[in-house]
Amino acid sequence: MSSQVIPALPKTFSSSLDLWREKNNQLVRQAKQLTRDSRPSLRQQQSAQDTLEGLRELLLTLQGLPAAVPALPLELTVLCNCIILRASLVQAFTEDLTQDLQRGLERVLEAQHHLEPKSQQGLKELWHSVLSASSLPPELLPALHCLASLQAVFWMSTDHLEDLTLLLQTLNGSQTQSSEDLLLLLKSWSPPAEESPAPLILQDAESLRDVLLTAFACRQGFQELITGSLPHAQSSLHEAASGLCPPSVLVQVYTALGTCLRKMGNPQRALLYLTEALKVGTTCALPLLEASRVYRQLGDTAAELESLELLVEALSATHSSETFKSLIEVELLLPQPDPASPLHCGTQSQAKHLLASRCLQTGRAEDAAEHYLDLLAMLLGGSETRLSPPTSSLGPCIAELCLEAAAALIQAGRALDALTVCEELRNRTSSLLPKMSSLWENARKRTKELPCCPVWVSATHLLQGQAWSQLKAQKEALSEFSQCLELLFRTLPEDKEQGSDCEQKCRSDVALKQLRVAALISRGLEWVASGQDTKALSDFLLSVQICPGNRDGSFYLLQTLKRLDRKNEASAFWREAHSQLPLEDAAGSLPLYLETCLSWIHPPNREAFLEEFGTSVLESCDL
């Protein structure tokens, strides 16, 4: 780029430029002072807003003059300061940023008489026109590179990575013209230094380049972690950690490295990174959540639950408002993690549910019961109540939480408390459940908004039956199991044509079958306890017809046939069942409350009995 001869400035214009430069410098010093101000954040925000208004007035003054090369470095610097301070105030890049960038580039072309009348060029075309101009004055380059860095920030934040790549290729010139590696392009970019006395700027091009470099390494590393490209993710995250990484981002980076190592089968090294994340000290929730996953992988249940307890505490703590930032920092360029991402921490109630459910799954029923009761008090007393089915991986809805809580209470021997929780759920769902007659006649058309509602009510009856059984109230238990079955046998599996999530529909069908099996076996056991083996036999037989190959149902059916001295039928059933393929394990695809119910009807001596019975059948055949 050849230099352009700049005409001498009139003395009055030169002195005005000096005044405007000093005004800019004064406003920049005010903005920087705010970051060291100990006043409450609201006062800082108001002071920053006043400073921004001052910069806007100065920019309007400069843009009100005919575009002239001598004034452009100051004008572009003031424009950059406006953009930086406004983005810092709202912590986002608003749509008017595009207009500001476009106006700045048009002023550069106007000053060189290169802007055609009524030109409708977009930002890409304007940047190409400005940076390819042969007469671009060297003194404009520092301010232009700063404006380019803000354009790069905007394009990165809006995922216009192709446009960003093209811009960096142009800024770097021939040395990286063919490269499309954004990290390499950012590293190769060397913005020109300002010459003294240059107007003050809140954040120069080099500082913004470093922010871009770290932000892109973070974004790339997080994305590679989600897609499973773990070695690449590790490399990108190490790059991010070595850059201009503020503490809050460093916590995310160290946690992501811990996640990488856990998934790569190196949990001990993962814990080292999580320890480093906790040492940074800005927020400990994310590394604590990942630590619980690592300890679960290691089989250290006590450490896992301790991490989850600390996570609940961390998410319940109130955080003081942050100090005002007058600069564009890496956080501004990072998207919020998707709820399914390992870097999504969730809310206090979600953490509390995770703690409660893990206590229930690991046999700590008393602790689970207390955590569930705390969780229900938190949710039912607030605005988070929702009875609709979960639409994401954030966790179950209130109805399923109530069912899990009731299961935990029964497991902990607190049957009366379980009945109270079930009654609360019944009260909340009764108005949502259609009248029985219409439900039977229009089973496939039932409550489209709440297709799970009949299943929830059925499960509530099942749990109430289990609670009454624990209290030795046989009549009430049989009544609840029967009501559960009556509703279940009129609840049809979800229509496969409805909705697009086939996997979810299949899981629902499996859960419905297992719920029927649990209710039948539970009622059968009550019949056995009351000495009514014939009625029990009917329920056990129906359970194995619904789920052929179900070993719990087979156990109880064979035992009952033996007690009734119907050995030939028992042998015939065993031979038929033995010839069938084993039932696929449904664990992991069932709701937690149902898994817990199934564990109660699982006989501890099942396998030994079935093996012994099979041996006796085979021996009798040999004879």
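These numbers were taken from a predicted model, which means no experiment stands behind them.
- Nearest approach of Ala270 to Val294, heavy atoms of both residues: CB-CG2, 4.2 Å.
- Counting only N and O atoms by type, the side chains of Ser236 and Gln220 include a donor and acceptor under 3.5 Å apart.
- Met264 places a side-chain heavy atom less than 4.5 Å from the side chain of Gln234.
- Taking both residues in full, the closest heavy atoms of Asn24 and Leu200 are given as ND2-O, 2.9 Å, listed atom of the first, atom of the second, then distance.
- Side chain of Thr214 to main chain of Leu244: a donor-acceptor pair is present (N/O by atom type, distance under 3.5 Å, no hydrogens or angles).
- Using modelled atom types and a 3.5 Å distance limit, the side chains of Tyr372 and Glu404 yield a donor-acceptor pair.
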Can Thr170 and His128 be said to form a side-chain contact (heavy atoms from CB on, under 4.5 Å), step by step?
-> CA-CA 8 Å; Thr170 309; His128 178 73; 5.6 Å; no
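- Atom OG of Ser248 sits about 11.0 Å away from atom CG of Leu286, to the nearest 0.5 Å.
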Check the pair Cys146, Leu76 against side-chain contact (heavy atoms from CB on, under 4.5 Å), reporting the backbone distance first and the verdict last.
-> CA-CA 9 Å; Cys146 189; Leu76 294 179; over 6 Å; no
Step by step, work out the side-chain contact (heavy atoms from CB on, under 4.5 Å) result for His353 and His371.
-> CA-CA 8 Å; His353 173 252; His371 290 312; over 6 Å; no
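- Counting heavy atoms from C-beta outward, Val330 and Cys245 have side chains that stay 4.5 Å or more apart.
- Panel note: side chain Ser292, backbone Leu289; a donor-acceptor pair is recorded below 3.5 Å.
- For Glu162 and Lys124, the salt-bridge test fails: no basic side-chain N is under 4.0 Å from an acidic carboxylate O.
- A distance-only check finds no donor-acceptor pair linking the side chain of Glu370 to the backbone of Asp367 [under 3.5 Å].
- If you take CD on Glu306 and CG on Leu311, they are separated by 12.5 Å, rounding to the nearest 0.5 Å.
- For the pair Gln45 and Leu89, the minimum side-chain heavy-atom distance is below 4.5 Å.
- A distance-only check finds a donor-acceptor pair linking the side chain of Thr347 to the backbone of Gln350 [under 3.5 Å].
- Counting heavy atoms from C-beta on, the side chains of Pro246 and Leu250 never come closer than 4.5 Å.
- For the residue pair Arg29 / Gln26, no side-chain donor-acceptor distance below 3.5 Å is found, with atom types taken as modelled.
- In terms of heavy-atom proximity, Val251 sits nearest to Pro287 at CG1-CD, 3.8 Å.
- Take Glu53 and apply the side chain to side chain donor-acceptor pair (under 3.5 Å) test, not counting sequence neighbours, and it matches Arg56.
- Between the side chain of Gln112 and the backbone N or O of Val108, at least one donor-acceptor pair lies under 3.5 Å.
- Proximity of Pro267 to Leu261: side-chain heavy atoms (C-beta onward) are nowhere separated by under 4.5 Å.
- Put simply, CG on Leu150 and CD1 on Ile84 are 5.0 Å apart, with the number rounded to the nearest 0.5 Å.
- Closest heavy-atom contact between Trp155 and Leu164: CE3-N, 3.8 Å.
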I would like to know whether Phe222 and Leu237 meet side-chain contact (heavy atoms from CB on, under 4.5 Å); could you show each step before the answer?
-> CA-CA 8 Å; Phe222 295 159; Leu237 293 167; 3.6 Å; yes
Check the pair Arg43, Gln46 against side chain to side chain donor-acceptor pair (under 3.5 Å), reporting the backbone distance first and the verdict last.
-> CA-CA 5 Å; Arg43 294 277 301 277; Gln46 187 55 56; over 6 Å; no
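- Checked by atom type and distance alone, the side chain of His160 pairs as donor or acceptor with a backbone atom of Thr158 at under 3.5 Å.
- Here the side chains of Thr301 and Arg364 are in contact, with some heavy-atom distance below 4.5 Å.
- For the residue pair Pro342 and Lys263, the shortest heavy atom distance occurs at CG-NZ, 4.5 Å.
- At distances below 3.5 Å, at least one donor-acceptor pair connects side-chain atoms of Arg219 with backbone N or O atoms of Leu333.
- Of all non-hydrogen atoms in Gly258 and Tyr273, the two that sit nearest each other are N-CB, 4.1 Å.
- In summary, the side chains of Thr259 and Glu290 do present a donor paired with an acceptor at a separation below 3.5 Å, with no hydrogens or angles considered.
- Ser207 places no side-chain N or O within donor-acceptor distance of the main-chain N or O of Gln203, the cut-off being under 3.5 Å.
- Glu400 contributes atom CD, which lies 9.5 Å from atom CG of Leu592 (distance to the nearest 0.5 angstrom).
- One N or O on the side chain of Gln44 and one on the backbone of Leu34 form a donor-acceptor pair closer than 3.5 Å.
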Salt bridge (Lys or Arg N to Asp or Glu O under 4.0 Å) between Asp96 and Arg103, worked out | CA-CA 11 Å; Asp96 52 3; Arg103 183 63 185 137; over 6 Å; no
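- In this structure, OG1 on Thr275 lies 11.5 Å from OH on Tyr254, to the nearest 0.5 angstrom.
- Between Asp204 and Arg209 there is no salt bridge, since none of the side-chain N atoms of the basic residue sits less than 4.0 Å from a carboxylate O of the acidic one.
- The residue from Leu140, Val130, Leu105 that alone fulfils the side chain to side chain contact (heavy atoms under 4.5 Å, CB included) condition with Leu147 is Leu105.
- Taking the side chain as every heavy atom from C-beta outward, Trp127 and Leu144 approach each other to under 4.5 Å.
- By the neighbour-count criterion of 12 heavy atoms within 6.0 Å, atom CD of Gln30 is densely surrounded, having more than that number from other residues, nucleotides or ligands.
- Distance alone, capped at 3.5 Å, places no donor-acceptor pair between the Asn81 side chain and the Leu52 backbone.
- Residues Leu310 and Ser307 are not in side-chain contact: their nearest non-hydrogen atoms beyond the backbone lie 4.5 Å or more apart.
- Separation of atoms CG (Leu343) and CD (Gln336) is listed at 11.5 Å; rounding is to 0.5 Å.
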